[in-house]
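The structure appears below as structure tokens.
Because the structure is a prediction, the values reported are computed rather than measured. Residue numbers count from 1 along this sequence.
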Amino acid sequence: MATNGQPDPAAVLARDAGKGAAVHTFDPAAAPEEKGAQAGKARSELKKAKASDGAGGKELQVQNGSSAVVPTITVEDAEREPRKPAPLKLAQPTERVEIKADPTPGAFPVTPAPAIPDWYRVGWRQLSEIDKAPLTEGEEVDKGVLDAFLSEQFYGSWYHNAAVIIFAVFASHFLTRFSFGWGWLFVLLAFCSTYYSTSLERVRRRARDDIQRELVKTRLASEHESADWINNFLDRFWLIYEPVLAATVVSSVDQVLSTNTPAFLDSIRLSTFTLGTKAPRIDKVRTYPKTEDDVIMMDWGISFTPTDVSDLTPRQAATKVNPKIVLDIRLGKSVATATMPILVEDICFSGLMRIRMKLMSNFPHVQIVDFCFLEKPVIDYVLKPIGGETFGFDIGHIPGLSAFIRELTHGTLGPMMYDPNVFTLNLEQLLSGKPLDTAIGVLQVTLHSARGIQGAKIGGGTPDPYIALTINDRIELARTKYKHNTYNPTWMETKFLLVQSLNESLVLNLYDYNEHRKDNLMGSATFELSKLIEDATHEGIRSTLLKDGKERGELRYDVSFYPVLEPVEGEGPLDTSVGIVRLTLHQAKDLDHTKSITGDLNPMAKVYLDGGKSSAHATPAFKHTNNPVWESAYEFLCSDRASSIITVKVLDDRDFLKDPVIGYMSIKLQDLLDSMGEAGRDWFPLSGCKTGKIRVSAEWKPLNMAGSLHGADQYTPPIGVVKLWLDRATDVKNVEATLGGKSDPYVRVLVNNVTKARTEVKNNNLNPVWDEIVYIPVHSLREHLLLECMDYQHLTRDRSLGSVELLVNDLAKESADPRYPFESLGQRDAVDPIRLDKGNVYKGQLHYKAEFIPALALNGVSFDSPQTELASKRSSLTLSTKSSEEPVAITIKSIKRSSKGSMAKVPASPTTPTSPTSPAPNGDGSVGPAAEKEPSKGVDMSVEELLRQQSGVAVFNVVSGELHKKARVEVLLDDGYWPCFSTPRARSTHAQWAYVGEGFIKEIDFSRVWLRLNEADEGEKDDIIAEWRGDAKSFLQATLIGPQEFTLLDKDERNASTVRVESRYVPVPVKLEPRETINNQGILHVDLIDGRNIIAADRSGKSDPYAVFTLNGDRVFKSEVKKKTLSPEWNERFALQVPSRFGSDFELELFDWDAVGRPESLGKAKIDLNEIEPFEASERTLNLATPKHGEKGYVRVRLMFQPEMIAKTRKNTSTFSTAGRAMTQIGGLPVSAGKGVFHGVANVFKRGDHDREPDISKELPAVQAFQSAGYSNNLEAPTTFPVSNNMEDGAEPSEPGTLRVTVLSADLTVQEAKPYATIRVGDKEFKTKHVGKTANPEWNEAFTFAASPQSPKLYAWIHDHKTLGRDKDLDEGELDIWRTIQPRGISATEVPVQLRQGGLLKLRLEYDPSINPSKSSASIASSERQSRTISMSSPSRFSIARSRRPGPDAEE
């Protein structure tokens, strides 16, 4: 309807909208930003997005879709008013229209290049035949033959001239021959002369044009030309364009200033902005013609000098306006604020700029514009920060300040646009209608390891390296964890980066982590992303790390690129569960002002993915508005679109105070994407507030990378084990040469920087022989095993002597057998050079054998992630508006579903939700969500069938624990020499680990499992506070079914802690060497009976013989001295641990004792332990032999070998602060650390009252400690008893008993000394008398102490008596009393105590708990030795008898 002859505006708008035009209506009273937001709804994709700090790329946060968050919004109520309960019903769409967007520049084309249309073949392209198909092979050959026989002089202009001459000759001859007259000849001559003159004129003109063109090119390249014509245009155009430009700048800068206002200011506003009435000028132009055909390069001299009036007319000068910028700054807060204007005027600028334009065929025909300043531009201005225009003071008058600001400006602009750096504008991308920071795909970077890093910490020390990833060395996008104290780090971490172009470089920077100062750059490696265009996956890349042009090591990594999939023409959008989500927070309206006391909000929005505690993205905060316009975009990688939930919180920015939540929304990602297909469905109401709604949009970019994410960062079952036979090393590096010593080497095997196994230490040896076999589980053919040779250090950290790298793919390959998907390539007998840590230098060789043994492809080797207590309660939690806790309920739900068949399927398997905190592929990490089940390809076995497999990999999942103290759980197997793995230290006593680790079991029937709590962090001194041990078979039988709880107790069997563990068992068919079986190790019981016909060493024809037994060169027992006899009778017994009968060197040697001088050897005999049958006592006659007398005399011994799993001891490495560390007995398990085994007694060295570090004798490095076994001299057969701190007959005695200690004798390393002994138990101390100068003193003095289980240690010191002066300390040692005798019942035993300097002290301990020396004066005389019971500990399944001996009244 028309009114007053004028058309109705509503009708006009409706008609235009019906024709497809964009129609916008505004409220005249609306604010400018509201009008802009309304208009920007249709052009949001064309609006220039703010470039992120990580231009060129950023690290993607992976959203795995696993969340307990409930959406708070349903799509059907998104448009209704917050207080209206009636839902809005939407019509079901009948057809989905997909608008195909133009491909992003740099993305891969998804279809073949189309043929060039005929309408495009016009103009010069048509005549030049540039679009014509190339010649076939036959035509190309014919053309080549023609060019070979006809040179250039026979065609072209020369051919025409020659043809005219020939034509004139033949024509004149023809006219003469047929008697034509002279007239015809003149006609012919006129034609020829006319042609000649015309041709010559053309030649001259073309030559002149060519010469002039070349001269112009030279002048263009060497001289500048003026541009007065364009300056004249700018003078007129500037007056029209400057107001529009100023308005645009004000509206843009105001928003930037609002979001970047410092906390101490209330607000910053741009109140006045003008560039004046004088236009910029182009003073000179130089053009470079010698460039590519599609490149234009020019140098422009530009200037902006509005204060110069020399070129203005008087009228123009009178009306001239100078540039002026006024910035209003509000100081204070809330009501108490004041505005201070800052004035900038009289701006001048001049400089020389180089512009380079890359042309293209499509619109806008200029693809890229690069510009830079060839020299530093001249910048001048007047800045008046205080006083305004009238009383302002120009800070340029302050000495040095103007120059400082100028240099600061040059320093900022230099890296951006000062030659040789260029500033690039991609006009094609700017005008394509897509955001500048849109992603073209995901870059997956897997960082394996670095080798041979050169460089050390500032101030000395080994570096802690990590890798930082950047694009073109701009802002850091992602980084790995740092690896402590290593030159050969292994990370095995995967990072996902967002990339916008493949025309850039991936820069991998190696840094040394420093806790209190800036990290130090050690080297860099570069990978050109353009290589991914030809091949999207590059594996096994080895790049040299460079710094200052020098090699600093080698970096190993993989790079894969997954482009965004574009829909095929004629098909619907691609339906993938994995993709990039571009989430845009546009604006909010009508926020609840009651959340602030003043009613003035500073709103900002935060995005949470799947109910995470930390925000994934935050928008800038806008000051003093209830209708913020953010237009903030965020992209993340989503691995499961269907289950992902997005939560958006709007908060009031309170600077230093806690930001309260104004309102929030939570919606499923699938519902948000579905709502994007309908107009007006991007506004959603906020929950938790009275009013307010938010505009959010999402874009789905599908990716075909399900195979990459499937199982990424999840536990990977082992494919097999690598059997390493570490034989020996030769000529290793001597790091003790400066001190006159030699290295103490051992080898440790590292996988991903985690020590999986290690050998024993060989003291003072540059050619060590270990001869040990270890088994290392592996999970991939791409894994690396680092065999690192270390030097044991007594007080400081162990030092590396070099390493050898072993690749699994050199030992195994894939197999066609479905039961065993991998097979061995055979045993590798290697002699590899040892590479030193720093540089590419080698020293020494490592001899080893390596063999891969495949594992059975077993199904179900995974663990379900249990629902945590926190997650189970999330659904019942509510949001507090006084805090920033994330919302926990979905506020927007959708009941709509797209019609079936509307989405095109991608030929890829659905992805599996992954957790970014899940374990690395080696299993040392926490378990993520369970993967989706794939078709079974492996073997299914029952628990009974599994436990019939003798060897395999035990996979442990330490789920949780209730601990007495915060500690970490260590899992050990068999000999307990080194932990299979260790969990992180618990943050509370209610630990939740879900941590997976592995260990190899050689014989399941005889193996043991140890669980122990270590209160110390990794890398520190061990502090074992509780332990549990049991049979491996029983442990697996219980934990294979499900998680089981195990109670760990301390050494006093108190302070119980429980740990919840479940396990899996992967059989590995290993054929053990005879030396590896249980029959090869155990306890050897030796009875030294007597000797006959031994050599007479004294002048009296007699000898004073005593026997010394050695195992592998280490002395393990010394008998008593029998005076003046050639037929000694000892009848002494002892027991020792034999870690391996195979290759053991067990010897007996008789010596003649001499009070003065060194003992003389009376003969030696070897004992072959391989000939001893287990559990059978056999008597042997050992013939003695000496090099001087030959065979003479013999000794009778009785031997019995008891197979048993030996608990190995180990020297402490750099992970401990002391050199020798012993673990106490827990639950009867012998877990001791010492150097020698004497009379079956564990020698344990710890810090005594003197608080000094123990010095373990280098003469006794390899013999393992053993729990004591005491024997009476008249016993005929050994009887074993289980030892436990838990008394079977009752509780431990509360009253102390009588401990009688008899100091018998000593064997010292010092010859010239007058030794005496000091014995201390509890707070009581006694000294013996000193004897004459001797190395083998005998005292036979007895002392009585009050002893109970609360005083477990006996301390002994040996001193040298000095008549004049202070006595000298010779040696010291300590003894665990209750590991040698029983606290209940009368017991006695003789104990050799290993001294720290290598000596030996022999004691006799007698204990009677029924007599309390503090209440009775009764004592036991040395002549009244009563009969004592014996107690031998051997907690083995092979124990023959476990009965108790008679009580204290029994006769010997």
### Message
So does Val1070 get a backbone contact from the side chain of Ser951, meaning a donor-acceptor N/O pair under 3.5 Å?
### Response
yes
### Query
Between Glu970 and Ser982, is any pair of side-chain heavy atoms under 4.5 Å apart?
yes
### Message
Going by the rule ring-ring contact (aromatic ring centres under 6.0 Å, His included), which residues pair with Phe1000 if we only count those two or more places apart in sequence or in a different chain?
### Response
Tyr775
### Message
Please give me the minimum heavy-atom distance between Ser644 and Asp640, naming the atom from each residue.
### Response
OG-O, 2.6 Å
### Message
Thr486: which residues meet the side-chain contact (heavy atoms from CB on, under 4.5 Å) condition with it, sequence neighbours left out?
### Response
Pro465, Lys483, Asn488, Pro489, Asn753
### Query
When you measure from the side chain of Asn1014 to the backbone N and O of Asp1023, does any donor-acceptor pair fall under 3.5 Å?
yes
### Task
Kindly write out the residues that satisfy side chain to side chain donor-acceptor pair (under 3.5 Å) with Gln1037, not counting sequence neighbours, or none if the list is empty.
none
### Query
Is a donor on one side and an acceptor on the other found under 3.5 Å between the side chain of Lys1033 and the backbone of Phe1006?
no
### Query
Could you state the interatomic distance from CG (Leu1048) to CG (Asn1055), rounded to the nearest 0.5 Å?
12.0 Å
#### Entry: Asp1050 to Ile1025 - nearest heavy-atom pair and separation
CB-O, 3.0 Å
### Task
To the nearest 0.5 Å, tell me how far Thr759 OG1 sits from Ile773 CD1.
13.0 Å
### Task
May I have all residue pairs that pass salt bridge (charged side-chain N to carboxylate O under 4.0 Å, His left out) and include part of residues 983-995, sequence neighbours excluded?
Arg985-Asp1017
## Note on the structure
Tightest non-hydrogen contact, residues Pro718 and Ala855, listed as O-CB, 3.9 Å
#### Entry: CD1-NZ distance between Ile776 and Lys756, expressed to the nearest 0.5 angstrom
8.0 Å
#### Entry: Polar side chain donor-acceptor pair, Ser1007 to Asp974, under 3.5 angstrom
yes
### Message
Treating Glu493 as the side-chain partner and Lys481 as the backbone partner, does any N or O pair qualify as donor plus acceptor under 3.5 Å?
### Response
yes
### Task
To the nearest 0.5 angstrom, please state how far the NE2 atom of His964 sits from the CD atom of Glu1015.
8.5 Å
### Task
Please check if any side-chain donor atom of Ser666 sits under 3.5 Å from a side-chain acceptor atom of Thr647, or the reverse.
yes
#### Entry: Pairing residues for Asn514 by the side-chain contact (heavy atoms from CB on, under 4.5 Å) criterion, not counting sequence neighbours
Lys457, Asp512, Arg517, Asp519, Asn520
### Message
Whether the side chain of Asp610 engages the backbone of Ile645 through a donor-acceptor N/O pair (distance < 3.5 Å, no angle test) should be reported.
### Response
yes
### Message
Going by side chain to side chain donor-acceptor pair (under 3.5 Å), name the residues that satisfy it together with Thr462, two or more places apart in sequence or in a different chain.
### Response
Asn485
### Query
Between Thr490 (side chain) and Ser449 (backbone), is there a donor-acceptor pair under 3.5 Å?
no
### Message
Going by salt bridge (charged side-chain N to carboxylate O under 4.0 Å, His left out), name the residues that satisfy it together with Glu1003, two or more places apart in sequence or in a different chain.
### Response
none
### Query
For Lys1002, which residues count as a salt bridge (charged side-chain N to carboxylate O under 4.0 Å, His left out) partner, sequence neighbours excluded?
none
#### Entry: Any residue meeting ring-ring contact (aromatic ring centres under 6.0 Å, His included) with Phe1046, in chain and number order, not counting sequence neighbours
Trp1028, Phe1035
### Message
Going by side chain to side chain donor-acceptor pair (under 3.5 Å), name the residues that satisfy it together with Thr480, two or more places apart in sequence or in a different chain.
### Response
Trp491
### Task
Output yes when a side-chain donor or acceptor of Glu1374 lies under 3.5 Å from a complementary backbone atom of Lys1353, and no otherwise.
no
#### Entry: Pro717 side chain reached by Leu858 side chain, heavy atoms, under 4.5 Å
no
### Summary
To the nearest 0.5 Å, atom CG of Leu1013 lies from atom NZ of Lys965 at 11.0 Å
### Message
Just so I know, are the side chains of Leu856 and Gln949 near enough to count as touching, which here means a heavy-atom distance under 4.5 Å?
### Response
no
### Message
Taking side chain to side chain donor-acceptor pair (under 3.5 Å) as the definition, give me every residue that meets it alongside His448, ordered by chain and number, with sequence neighbours left out.
### Response
Asp558
### Message
Looking at Ser1063, is its backbone amide N or carbonyl O close enough to the side chain of Asn957 to form a donor-acceptor pair, meaning the two atoms are under 3.5 Å apart?
### Response
no
#### Entry: Cationic N near anionic O, under 4.0 Å, Glu1062 to Arg1060
no
### Query
Considering residues at least two apart in sequence or located in another chain, which fulfil the side-chain contact (heavy atoms from CB on, under 4.5 Å) criterion with Ala1038?
Gln1044
### Message
Please give me the minimum heavy-atom distance between Met941 and Pro1067, naming the atom from each residue.
### Response
SD-CG, 4.3 Å
### Task
Determine the minimum heavy-atom distance between Cys980 and Glu998, stating which atoms define it.
CB-O, 3.2 Å
### Query
Checking Thr983 side chain against Val969 main chain: does a donor-acceptor pair fall under 3.5 Å?
yes
### Query
Has the side chain of Tyr1065 got a donor or acceptor atom that lies under 3.5 Å from a matching backbone atom of Gly952?
yes
### Query
Say you draw a straight line from CD1 of Ile853 to NZ of Lys723; how long is it, rounded to the nearest 0.5 Å?
6.0 Å
